[in-house]
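Heads up: the structure comes next, in structure tokens.
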Amino acid sequence: LLEKRIRKLVPEALDLFLTPFLVLGIMAFATLFVFQPLGGWAAEGIGYAATEAVSRGGAFTGFVLGGLFLPLVMLGVHQGLTPIHAQLIAQYLLPILAMAGGGQVGAALAVYARTRDPRIRKVVASALPVGFLGVGEPLIYGVTLPLGRPFIGACIGGACGGAVQAAFQVGAAALGISGLPLAPSTTNVPVYLLGLLVSYAAGFAATWVLGFEEKSAE
């Protein structure tokens with residue numbers, strides 16, 4: 001937008017050099033002295049709101065956050081939370097959201113136990129190892145989402161695990177990892193692992209109860 005406005009004012013003979021010079025100069029100044037401070041205030045506000053939500057809401061907040069994270073992963077927008085994780089380093093958000101991957105693992109295990117389709121069992125077996133390591137996309141797109149109801153079961157598992165993490169206010173001093181690899185960097189390793197087991201079990205149980213139709217994976 002700025003480039004279009006400046007181009008109308010700059011003589012054509014100087015446009016090739018002067019227009020980009022002015023655009024970059026003005027925007028660099030605006031970035032340093034306007035947008036960066038505004039971004040800092042916004043990040044502090046989001047960090048404060050997230051911390052207060054977990055502190056005051058406890059298990060309920062963790063249940064909601066853990067249950068809603070998988071749809072964000074499905075849409076590919078979950079990496080937008082990385083700046084918030086950075087703002088909340090050693091705080092509570094990442095362990096809660098990591099439980100979504102645990103619910104995914106539990107749901108996939110239930111699918112493996114119930115299905116007799118060798119193709120589905122093969123997909124689950126190949127995607128489970130990375131699922132334990134916190135990489136949920138293979139299980140989402142290869143197993144739970146095509147089958148439908150197991151994806152809901154995975155969300156329920158993540159919600160239950162998230163409730164545990166929030167209830168005990170487990171923090172993490174890490175970015176970009178999830179699942180079992182996140183455990184060593186958490187503030188309470190036994191409770192984090194307990195929450196992970198809860199997410200596995202709840203995801204398994206919810207998927208077992210909800211069931212699924214194998215033909216929906218075609």
So which heavy atom on T207 is nearest to which on A107, and how close? OG1-CB, 3.2 Å

Report the distance from atom CG of L32 to atom CE of M27, rounding to the nearest 0.5 Å. 11.0 Å

Determine the minimum heavy-atom distance between G161 and S199, stating which atoms define it. CA-CB, 4.0 Å

Ring centers of F132, Y200 separated by less than 6.0 Å: yes

Using modelled atom types only, decide if a donor and an acceptor are shared between the side chain of T115 and the backbone of V111 within a distance under 3.5 Å. no

Spacing of OG1 belonging to T186 relative to CG belonging to L193, to within rounding of 0.5 Å: 7.0 Å

Can you measure from CG (N188) to CD (Q165) and round to the nearest 0.5 angstrom? 8.5 Å

Is there a continuous path of hydrophobic side-chain contacts, each under 4.5 Å between heavy atoms, that joins L133 to L109? no

Under 4.5 Å between side-chain heavy atoms, hopping through other hydrophobics if needed: is there a path connecting V135 to V105? no

Roughly how far, to the nearest 0.5 Å, is the CG atom of L9 from the CG atom of D15? 11.0 Å

Measure the shortest side-chain to side-chain distance between L14 and T19 over non-hydrogen atoms and say whether it is less than 4.5 angstrom. no

Under the 3.5 angstrom rule, does the side chain of R114 hit a backbone N or O of W208 as a donor-acceptor pair? yes

Under 6.0 Å from the CG atom of L16, do we count more than 12 heavy atoms belonging to anything else shown? no

Atom CG in L97, atom CE in M99: separation rounded to 0.5 Å? 9.5 Å

Test of understanding: clusters of I, L, V, M, F, W, Y form through side-chain heavy atoms closer than 4.5 Å, transitively. Do I152 and L147 belong to the same one? no

Rounded distance (nearest 0.5 Å) linking atom CG of L145 with atom CD of E137: 12.0 Å

Check whether I156 and F63 end up in the same hydrophobic cluster, where Ile, Leu, Val, Met, Phe, Trp and Tyr are linked by side-chain heavy atoms less than 4.5 Å apart. no

Closest non-hydrogen contact found for T187 with Q169 is OG1-O, 4.3 Å

Heavy-atom closest pair (E3 atom, V23 atom, distance to 0.1 Å) is CA-CG2, 3.7 Å

In short, L182 meets A98 closest at the heavy-atom pair CD2-CB, 3.9 Å

Examine Y112 and F204 and state if one hydrophobic cluster contains both, with Ile, Leu, Val, Met, Phe, Trp and Tyr joined whenever side-chain heavy atoms are less than 4.5 Å apart. yes

Minimum heavy-atom separation for A108 and L139, please, with both atom names. CB-CD2, 3.7 Å

